[in-house]
Enquirer: 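Let me begin by handing over the structure; questions about it come next.
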2 protein chains.
Amino acid sequence: MALDINKVSIKTSLSSCFGSNINEIESSTDFFNELAEKAEENTVGANEYLFRESDKSDYVYVPVSGAIMLERSTSTGSRQVFSFLFTGNILGISEHAFYSFSAKTLTESTVVKINKKIIISIFDKYPVIAQRYQEMTHHILSLILDQLFIMGQKTAHQRIAHFLLDMEYRIGHGSNRFHLPMSRQDIADYLGMSLETGSRGFSKLKNEGLIQIDSNYQITILERDKLKTYAEG
Amino acid sequence: MALDINKVSIKTSLSSCFGSNINEIESSTDFFNELAEKAEENTVGANEYLFRESDKSDYVYVPVSGAIMLERSTSTGSRQVFSFLFTGNILGISEHAFYSFSAKTLTESTVVKINKKIIISIFDKYPVIAQRYQEMTHHILSLILDQLFIMGQKTAHQRIAHFLLDMEYRIGHGSNRFHLPMSRQDIADYLGMSLETGSRGFSKLKNEGLIQIDSNYQITILERDKLKTYAEG
DNA sequence: CGAGCCCTTGATGCATTTCAACGAATGTGG
DNA sequence: CCACATTCGTTGAAATGCATCAAGGGCTCG
């Protein structure tokens with residue numbers, strides 16, 4: 001237990017997750033101090049599970065560094081990837097007593113791990129945080145609805161284009177060049193297509209000059225507007 | 001304003017939605033009385049909108065009778081149906097300031113309409129209800145995750161089979177014979193396929209003897225186990 | 001009885017999966 | 001440090017699934 005709240009990375013992640021303007025709230029300092037006391041910081045290697053589907057959902061996680069993937073597998077071996085998470089996202093809220101998916105690290109990751117009971121007790125003291133928590137849940141829900149919309153409406157190649165724009169926004173941090181932490185298989189399972197179709201999508205966008213593939217995982221968006229048009233279909 | 005809480009149908013719907021065991025909670029009578037005072041009962045005809053996407057989300061609705069569909073349309077005319085709702089479901093929670101989809105009645109429907117501000121004020125008085133509300137949000141989220149999983153994994157015909165089993169469970173009320181309130185087009189837009197593919201799915205299941213189509217909308221599940229096996233793929 | 005709407009069915013072409021081979025990148029042990 | 005094994009990505013060819021176009025059938029309502 002105990003968290004070094006003075007570390008910029010941790011403060012940044014928590015702020016990004018609990019609301020960028022939370023610092024303006026009068027009780028925010030108390031809130032962060034209480035979190036610092038009762039939460040813990042964990043670092044885990046790549047390709048490890050933070051938790052698995054149907055584990056008791058006792059903890060909420062906030063990635064400080066690294067990349068995490070939420071997935072669910074069937075008995076027949078197929079897999080659906082629900083989401084990719086990065087610094088300042090949050091996972092494990094919006095769960096019943098048991099997680100409804102597994103969380104696997106894609107790279108070595110540092111996470112802040114917060115016991116749910118502590119979260120609940122914090123809510124009682126800081127109603128503003130409780131409200132913010134609700135908002136996060138709603139935000140997550142609207143993201144999943146968007147994802148559902150994309151899955152139902154768009155062709156495979158359009159979904160790839162959409163995915164790349166999303167990644168640029170989320171991990172490019174202003175740059176049009178970024179490094180994908182997940183494999184082609186992960187992307188395919190996220191977008192509901194075969195690995196090969198995913199790969200062909202990348203190639204097509206490359207050949208049409210919309211993106212540049214520097215190495216397998218290093219992507220540059222060359223023509224953002226055209227890519228957007230393509231994604232919207 | 002004002003709600004006849006003594007109507008069995010309304011009491012049943014609200015109970016089903018706010019938790020079947022809510023009656024065991026000591027403050028539940030107060031809660032229902034307060035709701036009766038401040039909520040209202042509305043009846044609207046078929047094919048009308050309770051609200052539209054990007055309307056201000058001031059109200060939460062609980063269907064008492066009828067069937068409602070949640071949908072989102074693109075500028076290009078295509079449409080994604082997110083969900084079908086029946087008696088005792090709830091809609092409009094888990095929304096930001098504005099609805100992220102439209103709610104359209106499939107049949108004449110009676111709904112209990114509750115102002116969000118009233119809901120919030122009720123939370124302050126009855127923490128148990130607030131917690132139940134959170135649980136509902138989580139439940140909705142897990143349902144959408146399931147839907148996302150199905151969209152990503154299954155073939156069109158499997159999705160049809162899955163859909164029919166879901167409908168049997170939700171509107172069959174113990175019987176294997178039920179009446180679908182939505183059109184083939186609605187089903188297709190829900191499952192992310194063309195109308196024709198949906199229709200072929202129905203025909204195939206009929207020809208294989210797994211279901212019986214008495215009229216276009218009257219369905220009987222003949223071989224539930226086989227249908228399940230088929231849906232699981 | 002006829003018009004209109006919805007559903008079904010058939011035929012065709014395109015999108016996607018599957019199977020298979022190759023190439024590039026990564027890691028291991030000699 | 002290199003040869004080899006292994007994993008991952010790309011590409012091609014064939015098969016399948018699905019969408020689209022088009023026609024016909026059944027139900028409902030005037």
Side-chain angles (χ1 to χ4, degrees), chain A residues 45-47 69 76-81 106-108 150-164 179-208 211-219 230-231 233, chain B residues 45-47 69 74 76-81 106-107 150-164 179-208 211-219 230-231 233:
Chain A
N47 301 311
M69 167 172 69
T76 60
S78 68
R79 184 181 67 144
Q80 178 67 32
V81 171
L106 290 163
T107 63
E108 180 178 289
I150 287 160
M151 295 285 280
Q153 296 296 318
K154 303 201 180 284
T155 68
H157 290 348
Q158 287 177 322
R159 297 205 291 277
I160 295 280
H162 188 95
F163 168 78
L164 287 171
H179 180 266
L180 294 175
M182 71 292 284
S183 71
R184 294 289 191 270
Q185 183 68 66
D186 294 335
I187 297 171
D189 289 345
Y190 176 59
L191 298 174
M193 63 185 69
S194 71
L195 187 160
E196 294 94 330
T197 301
S199 182
R200 279 182 239 270
F202 274 79
S203 299
K204 191 185 178 212
L205 295 173
K206 185 186 72 178
N207 292 334
E208 294 185 357
I211 65 170
Q212 180 180 316
I213 304 178
D214 305 306
S215 81
N216 275 341
Y217 302 103
Q218 197 73 32
I219 306 288
Y230 186 87
Chain B
N47 302 311
M69 168 172 70
T74 63
T76 60
S78 68
R79 183 181 68 144
Q80 178 67 33
V81 172
L106 290 163
T107 63
I150 287 159
M151 295 285 280
Q153 295 295 318
K154 305 205 179 279
T155 68
H157 290 347
Q158 287 177 319
R159 296 205 291 277
I160 295 280
H162 189 95
F163 168 78
L164 288 171
H179 179 266
L180 293 176
M182 71 293 282
S183 72
R184 294 289 191 270
Q185 183 68 66
D186 294 334
I187 297 170
D189 287 347
Y190 176 59
L191 298 174
M193 63 185 68
S194 71
L195 186 159
E196 294 93 331
T197 299
S199 182
R200 279 182 240 271
F202 275 79
S203 300
K204 191 185 177 209
L205 295 173
K206 184 185 73 180
N207 292 333
E208 294 185 358
I211 64 169
Q212 181 180 315
I213 305 178
D214 305 306
S215 79
N216 275 342
Y217 302 102
Q218 196 75 30
I219 306 287
Y230 186 88

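Just so it is clear: chains get the letters A, B, ... in the order the sequence lines come, proteins before strands, and each one is counted from 1.
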Enquirer: Do L164(B) and F202(B) have side-chain heavy atoms sitting under 4.5 Å apart?
Expert: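 A side-chain contact exists here, since the closest heavy-atom pair is under 4.5 Å.
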Enquirer: Between dC7(C), dA13(D), dA11(C), which nucleotide has the shortest distance from any of its atoms to the side chain of R200(A)?
Expert: dA13(D)
Enquirer: What is the distance, rounded to the nearest whole Å, between atom CD of Q185(A) and atom P of dT17(C)?
Expert: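 Q185(A) atom CD is separated from dT17(C) atom P by 11 Å.
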Enquirer: With respect to the side chain of S199(B), which nucleotide from dT17(C), dC7(C), dT10(D) is positioned closest?
Expert: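 My answer, after comparing the listed nucleotides, is dC7(C).
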Enquirer: Side chain of E196(B), heavy atoms from C-beta onward: which of dC7(C), dT10(D), dT9(C) has the nearest atom to it?
Expert: dT9(C)
Enquirer: What's the CZ-C1' distance between R184(B) and dC18(D), to the nearest Å?
Expert: 18 Å
Enquirer: Using whole Å, what does the distance between atom P of nucleotide dG9(D) and atom CG of D189(A) come to?
Expert: 12 Å
Enquirer: Just compare dT16(C), dG9(D), dC7(C) and give me whichever is closest to any side-chain atom of S183(B).
Expert: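 Among the listed nucleotides, the one closest to the side chain of S183(B) is dC7(C).
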Enquirer: To the nearest angstrom, how far is N47(A) atom CG from dC8(D) atom C1'?
Expert: 13 Å
Enquirer: More than 12 non-hydrogen atoms from neighbouring residues, nucleotides or ligands closer than 6.0 Å to NE2 on H162(A), yes or no?
Expert: no
Enquirer: Applying side chain to side chain contact (heavy atoms under 4.5 Å, CB included) between I187(A) and each of L195(A), L180(A), V81(A), report the one that passes.
Expert: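 Only match with I187(A) under side chain to side chain contact (heavy atoms under 4.5 Å, CB included): L180(A).
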Enquirer: What is the distance from CG of D214(A) to P of dA25(C), rounded to the nearest Å?
Expert: 12 Å
Enquirer: Rounded to whole Å, how long is the line connecting atom CZ of F202(B) with atom C1' of dC7(C)?
Expert: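 Atom CZ in F202(B) sits about 11 Å away from atom C1' in dC7(C).
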Enquirer: With nearest nucleotides of DNA chain C determined for M182(B) and T155(A) from heavy-atom distances, which residue corresponds to the more 5′ nucleotide?
Expert: M182(B)
Enquirer: Using whole Å, report how far CE of M193(A) lies from P of dT10(D).
Expert: 13 Å
Enquirer: Side chain of A156(A): nearest nucleotide among dG12(D), dA11(C), dT16(C)?
Expert: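 Looking only at side-chain atoms, A156(A) lies closest to dT16(C).
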Enquirer: Within this structure, what is the CG-to-P distance between L195(B) and dT20(D), rounded to whole angstrom?
Expert: 11 Å
Enquirer: Pick from I219(B), I213(B), I160(B): which one makes a side chain to side chain contact (heavy atoms under 4.5 Å, CB included) with L205(B)?
Expert: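 Only one option passes, and that is I160(B).
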Enquirer: If only side-chain N and O atoms of S203(A) are considered, is one of them under 4.0 Å from the OP1 or OP2 phosphate oxygen of dT11(D)?
Expert: yes
Enquirer: By nearest atom, which of the nucleotides dT17(C), dC7(C), dC18(D) is closest to the Y217(B) side chain?
Expert: dC7(C)
Enquirer: Among R184(A), R79(A), M182(A), Q80(A), which residue satisfies the side chain to side chain contact (heavy atoms under 4.5 Å, CB included) criterion with D189(A)?
Expert: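 Exactly one option meets the side chain to side chain contact (heavy atoms under 4.5 Å, CB included) with D189(A), and it is R79(A).
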Enquirer: Hey, is the side chain of T197(A) poking within less than 4.0 Å of OP1 or OP2 on dT17(C), counting only N and O atoms?
Expert: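 For dT17(C), OP1/OP2 do have a side-chain N/O of T197(A) under 4.0 Å.
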